[in-house]
Trainee: 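Take a look at the following structure, please.
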Amino acid sequence: KYLHRWDVSYGAKRDSMILQFIEKYTTLDPVDLDACLSHGGSLIFARFVVAMQLAYERKKPIWHYCQALDLFMKSLQCEQYVYEFCQMGGFTTAFSSLKMDEMRVRDKANVLNFLNSTIDGPSGTRVKNFICQESTFLDAVVDSLTLCNNISVIHFAQLFLENMCISTKM
C-alpha cells in the first residue's frame with residue numbers, strides 16, 4: 001500500500017510521506033524495525049535512494065532522504081541495504097553532494113551522518129575499503145571539513161574521518 005501511494009505521488013506529497021516514515025520508524029529498535037520493513041523494505045529503500053538521487057540532480061534538499069535511509073542502517077538487514085546503496089550509485093551521489101556549493105548545510109550534515117552509519121555497521125570494513133578506492137569520496141569529506149564553517153558539518157566530517165581510521169565493530 002505504501003509503495004503504491006509513493007508511486008502515484010510526486011513532489012510535496014512524497015516529501016510528506018518520507019517525513020511521516022521518519023517519524024513513524026525513528027523510535028523502533030532494530031528487531032521491530034526489521035519486522036516493519038520485512039514486507040517491501042528493499043523496494044521502499046530503492047525508491048528512497050532514487051528519490052535522493054533525483055533531488056540531488058535537481059539541486060533540491062536531500063536531508064530527509066538521508067534521515068530515512070539512515071533508519072535502514074539501524075535494521076538487522078543493514079548489510080543488504082548498504083550493498084543495495086552501493087549498487088545503485090548511492091555513495092557517488094552522497095559524496096558528490098558534499099562538493100556542491102548549492103547544497104544546504106542541513107543536507108551536508110545529514111549526508112555525513114548517514115555515511116557514518118554505513119561505516120559503523122557490520123559492513124563497515126567493506127564500505128571503508130570501497131570508499132578508499134575512490135579518492136574523490138574522501139576529498140569531498142576533507143573539503144566539507146576545511147571549506148565549511150558550520151559546526152554541525154565540521155563535527156560530522158571529523159567523526160566520519162575518525163571512524164574511517166578505526167577498526168570496525170564486529
Side-chain angles (χ1 to χ4, degrees), residues 1-78 80-121 127 136-137 140-141 143-144 147-157 159-160:
K1 185 176 179 175
Y2 184 86
L3 291 172
H4 175 72
R5 284 189 296 131
W6 179 270
D7 290 342
V8 298
S9 300
Y10 58 92
K13 177 64 176 163
R14 283 188 178 176
D15 287 347
S16 173
M17 289 176 70
I18 205 160
L19 292 173
Q20 289 171 357
F21 179 90
I22 293 165
E23 185 179 327
K24 181 176 181 179
Y25 295 109
T26 295
T27 58
L28 297 181
D29 64 34
V31 173
D32 291 336
L33 184 58
D34 251 24
C36 292
L37 298 175
S38 64
H39 301 290
S42 281
L43 295 172
I44 295 168
F45 183 81
R47 281 164 172 81
F48 288 175
V49 172
V50 170
M52 179 193 73
Q53 291 169 324
L54 291 171
Y56 162 76
E57 290 296 324
R58 295 177 181 142
K59 297 178 175 57
K60 301 282 186 192
I62 61 170
W63 64 268
H64 49 315
Y65 296 110
C66 293
Q67 283 186 357
L69 294 171
D70 193 47
L71 291 173
F72 288 87
M73 296 303 115
K74 292 170 179 38
S75 79
L76 299 176
Q77 301 298 318
C78 63
Q80 178 63 33
Y81 295 125
V82 168
Y83 175 77
E84 290 174 19
F85 190 72
C86 180
Q87 293 299 309
M88 295 178 72
F91 283 106
T92 301
T93 302
F95 284 105
S96 295
S97 72
L98 296 175
K99 294 184 118 178
M100 282 185 62
D101 291 335
E102 295 87 0
M103 280 295 163
R104 294 172 182 91
V105 169
R106 186 175 189 182
D107 291 317
K108 291 181 180 188
N110 277 282
V111 166
L112 287 163
N113 186 49
F114 169 70
L115 290 171
N116 271 308
S117 294
T118 67
I119 63 172
D120 196 33
V127 174
T136 60
F137 289 172
V141 178
D143 287 349
S144 292
L147 300 176
C148 183
N149 60 3
N150 178 274
I151 193 76
S152 184
V153 172
I154 292 170
H155 167 75
F156 286 120
L159 184 62
F160 178 83

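When a residue number appears, it is its place in the shown sequence, counting from 1. If you're wondering where the values come from, they're calculated on a predicted model, not measured in any experiment.
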Trainee: Does a donor on one side chain and an acceptor on the other come within less than 3.5 Å for Glu57 and Gln53?
Mentor: no
Trainee: Is there a side-chain contact between Tyr81 and Leu37 (heavy atoms, below 4.5 Å)?
Mentor: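 Tyr81 vs Leu37: side chains touch.
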Trainee: For Asp70, enumerate each residue passing the salt bridge (Lys or Arg N to Asp or Glu O under 4.0 Å) test, keeping only those at least two apart in sequence or located in another chain.
Mentor: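 Expected list: Lys74.
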Trainee: Give a yes or no on whether the ring-centroid distance for Phe114 and Tyr65 is below 6.0 angstrom.
Mentor: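 Here the rings of Tyr65 and Phe114 have centres that are no less than 6.0 Å from each other.
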Trainee: In terms of the angle between their ring planes, are Phe91 and Phe85 parallel, tilted or perpendicular, with boundaries placed at 30° and 60°?
Mentor: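 The arrangement is perpendicular - the two ring planes meet at more than 60°.
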Trainee: Assess whether atom NZ of Lys99 is packed by more than 12 heavy atoms of other residues, nucleotides or ligands within 6.0 Å.
Mentor: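 Yes, NZ of Lys99 has more than 12 neighbouring heavy atoms, counting only those of other groups under 6.0 Å.
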Trainee: So does Ala35 get a backbone contact from the side chain of Ser38, meaning a donor-acceptor N/O pair under 3.5 Å?
Mentor: yes
Trainee: Could you list the residues that satisfy side-chain contact (heavy atoms from CB on, under 4.5 Å) with Leu147, not counting sequence neighbours?
Mentor: Asp143
Trainee: Would you check, one step at a time, whether the test side-chain hydrogen bond (donor to acceptor under 3.5 Å, both in side chains) holds for Glu84 with Ser42?
Mentor: CA-CA 8 Å; Glu84 290 174 19; Ser42 281; 2.8 Å; yes
Trainee: Are the aromatic ring centres of Trp6 and Phe21 under 6.0 angstrom apart?
Mentor: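 No, ring centres 6.0 Å or more apart.
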Trainee: Mind checking salt bridge (Lys or Arg N to Asp or Glu O under 4.0 Å) for Asp7 and listing every partner two or more places apart, or none if nothing turns up?
Mentor: Arg47
Trainee: Ignoring hydrogens and geometry, is there a side-chain-to-backbone donor-acceptor pair from Lys108 to Ala157 under 3.5 Å?
Mentor: no
Trainee: For Asp107 and Trp63, indicate whether the former's side chain and the latter's backbone hold a donor-acceptor pair under 3.5 Å.
Mentor: yes
Trainee: Would a 4.5 Å heavy-atom cut-off, applied to side chains only, mark Phe160 and Phe156 as touching?
Mentor: no
Trainee: Quick check against the 3.5 Å criterion: does Asn110 have a side-chain atom that pairs as donor or acceptor with the backbone of Arg106?
Mentor: yes
Trainee: Does the Ser144 side chain pair with the main chain of Ala140, one donor and one acceptor, at a distance under 3.5 Å?
Mentor: yes
